[in-house]
Amino acid sequence: MVPHSLYDVLWGLGPLPLELRLAENRRSLTQFMESRVGYSYHAHRQLLLSAGQAADYIYYVENGLVRGYYYDKEKNTQYTVSLWDEHSFITEPNSFFNKQPSELSIEVMPESTLLFLSGQHLSEIFKAFPYTEVFSRCLMLQYIAYHSQKTRDLISLSAWERYLALLRKQPQIEQKISKEIIASYLSITPQTLSRLIKLNGHP
């Protein structure tokens, strides 16, 4: 059975069309989804999507953390651009919806529980319930808003302020990923992050 938290998040997206505000339609949709949504538990780090592949699935984080990163072959360096925690939807939208090879790699962290839906099953849902296509627009808007905020933070906040903002948003982040990944997300080196913590004290 699909956890209720997924539906709570879906119904909280908005604005939703009238059809998705009707209890009868919500019941029909949840029943249709039950046999199509998959479940996975990840005890170890695992790639969900590698650069160069087309994204075939959209994921929902029930528990844990997932990161998105770009890999620079020349510098042999990973650049973390996304950190998705509980109740987040995850995919590379352009790759998933347009069937294009992804430049982004997506990696799930240990002790994470995910729900997932294939592109084929999502198409079946859209065909049976046309008004649910609003969810794809909501996902795109969330993706744009996430990266717009990250860009603004990079421009307007210092590295220490970005670190504090991350801890406020995701208080358990340091228990889930390494300092190296956190530093990469903040666009600084691990050595710089260590110096900032030593200088300011751990918050």
Side-chain angles (χ1 to χ4, degrees), residues 2-3 6 9 33 36-126 133 135-151 153-154 162 166 169-170 172-190 193:
V2 178
L6 171 61
V9 173
M33 289 177 62
R36 291 166 173 80
V37 174
Y39 172 95
S40 61
Y41 170 75
H42 302 268
H44 308 285
R45 291 171 65 169
Q46 180 181 341
L47 279 175
L48 302 175
L49 176 67
S50 297
Q53 295 179 335
D56 292 325
Y57 294 91
I58 185 170
Y59 299 89
Y60 171 79
V61 185
E62 184 184 6
N63 291 294
L65 189 81
V66 177
R67 74 164 179 140
Y69 67 90
Y70 295 107
Y71 175 64
D72 187 324
K73 290 183 180 179
E74 292 185 0
K75 298 180 179 179
N76 191 30
T77 302
Q78 295 178 358
Y79 297 97
T80 302
V81 295
S82 300
L83 293 174
W84 295 287
D85 58 0
E86 282 85 357
H87 312 315
S88 298
F89 292 100
I90 300 165
T91 193
E92 202 293 287
N94 183 58
S95 179
F96 182 77
F97 290 110
N98 297 323
K99 308 305 179 187
Q100 300 291 325
S102 174
E103 295 183 359
L104 186 76
S105 293
I106 298 178
E107 181 184 34
V108 62
M109 295 295 107
E111 308 300 325
S112 296
T113 303
L114 307 178
L115 305 179
F116 59 89
L117 190 68
S118 70
Q120 178 183 343
H121 284 155
L122 185 62
S123 295
E124 292 173 2
I125 293 172
F126 287 166
E133 289 202 36
F135 291 137
S136 65
R137 294 195 294 274
C138 290
L139 176 66
M140 289 296 295
L141 290 173
Q142 284 190 344
Y143 188 87
I144 292 169
Y146 180 97
H147 288 284
S148 294
Q149 183 63 57
K150 189 171 187 293
T151 300
D153 289 349
L154 188 61
R162 296 197 300 276
L166 177 63
K169 183 179 179 182
Q170 298 173 260
Q172 304 302 316
I173 191 77
E174 292 178 306
Q175 283 73 55
K176 297 178 180 180
I177 56 175
S178 67
K179 281 287 195 299
E180 287 76 15
I181 293 178
I182 291 175
S184 174
Y185 180 76
L186 298 174
S187 299
I188 58 177
T189 66
L193 179 59

Do Ser136 and Phe97 make a side-chain contact, defined as non-hydrogen atoms from C-beta onward lying under 4.5 Å apart? yes
One should read off an interatomic distance between Ile58 CD1 and Thr91 OG1, to the nearest 0.5 angstrom, of 5.5 Å
CZ of Arg45 to CG of Leu65, rounded to nearest 0.5 Å, is 10.5 Å
Indicate the atoms forming the closest heavy-atom contact of Pro190 with Glu180, along with that distance. CG-CG, 3.9 Å
Do the side chains of Ile106 and Tyr69 get nearer than 4.5 Å, heavy atoms only? no
Is there side-chain contact between Ile182 and Ile177, with heavy atoms separated by less than 4.5 Å? yes
Polar side-chain atom of Ser102 near backbone of Ala55 as donor-acceptor pair, under 3.5 Å: no
Are Leu154 and Arg162 close enough that some pair of their side-chain heavy atoms sits under 4.5 Å apart? yes
Output the distance between atom CD1 (Ile144) and atom CG (Leu139), rounded to the nearest 0.5 Å. 9.5 Å
List the steps and the verdict of side-chain contact (heavy atoms from CB on, under 4.5 Å) for Leu49 and Glu92. CA-CA 9 Å; Leu49 176 67; Glu92 202 293 287; 4.2 Å; yes
Please check if atom CD in Gln46 has more than 12 non-hydrogen atoms from other residues, nucleotides or ligands closer than 6.0 Å. yes
Counting only heavy atoms from other residues, nucleotides and ligands, does the tally under 6.0 Å from OH of Tyr57 exceed 12? no
Shortest non-hydrogen contact between Pro101 and Gly52, atoms and distance: CB-O, 3.6 Å
If you measure from CD1 on Ile181 to CD on Gln78, what distance do you get to the nearest 0.5 Å? 7.5 Å
Within the 4.5 Å heavy-atom criterion, are Tyr59 and Leu48 side-chain neighbours or not? yes
Can you see whether Phe96 has Lys99 sitting over its ring - NZ or CZ less than 6.0 Å from the centre and within 45° of the normal? yes
Matching residue for Tyr60 among Phe116, Phe135, Phe89 - test: ring-ring contact (aromatic ring centres under 6.0 Å, His included): Phe89
Pairs satisfying side chain to side chain donor-acceptor pair (under 3.5 Å), at least one member in residues 141-151, at least two apart: Ser82-His147, Tyr146-Tyr185, Gln149-Arg152, Gln149-Asp153
Contact between Leu6 and Met33 at the side-chain level, heavy atoms closer than 4.5 Å - yes or no? yes
Identify the two heavy atoms, one from Glu86 and one from Glu62, that lie closest to each other, and give their separation to 0.1 Å. CG-O, 3.3 Å
Say you draw a straight line from OG of Ser112 to CD of Glu107; how long is it, rounded to the nearest 0.5 Å? 10.0 Å
Please give me the minimum heavy-atom distance between Ala51 and Glu103, naming the atom from each residue. CB-O, 3.6 Å
What's the spacing between Ile125 CD1 and Leu117 CG if we round to 0.5 Å? 4.5 Å
So, does Thr80 use its side chain to make a donor-acceptor pair with the main chain of Ser184 at under 3.5 Å? no
How far apart are the closest heavy atoms of Ser40 and His42, and which atoms are they? OG-NE2, 2.9 Å
Only one of His121, Gln120, Glu124 passes side-chain hydrogen bond (donor to acceptor under 3.5 Å, both in side chains) with Arg36; say which it is. Glu124
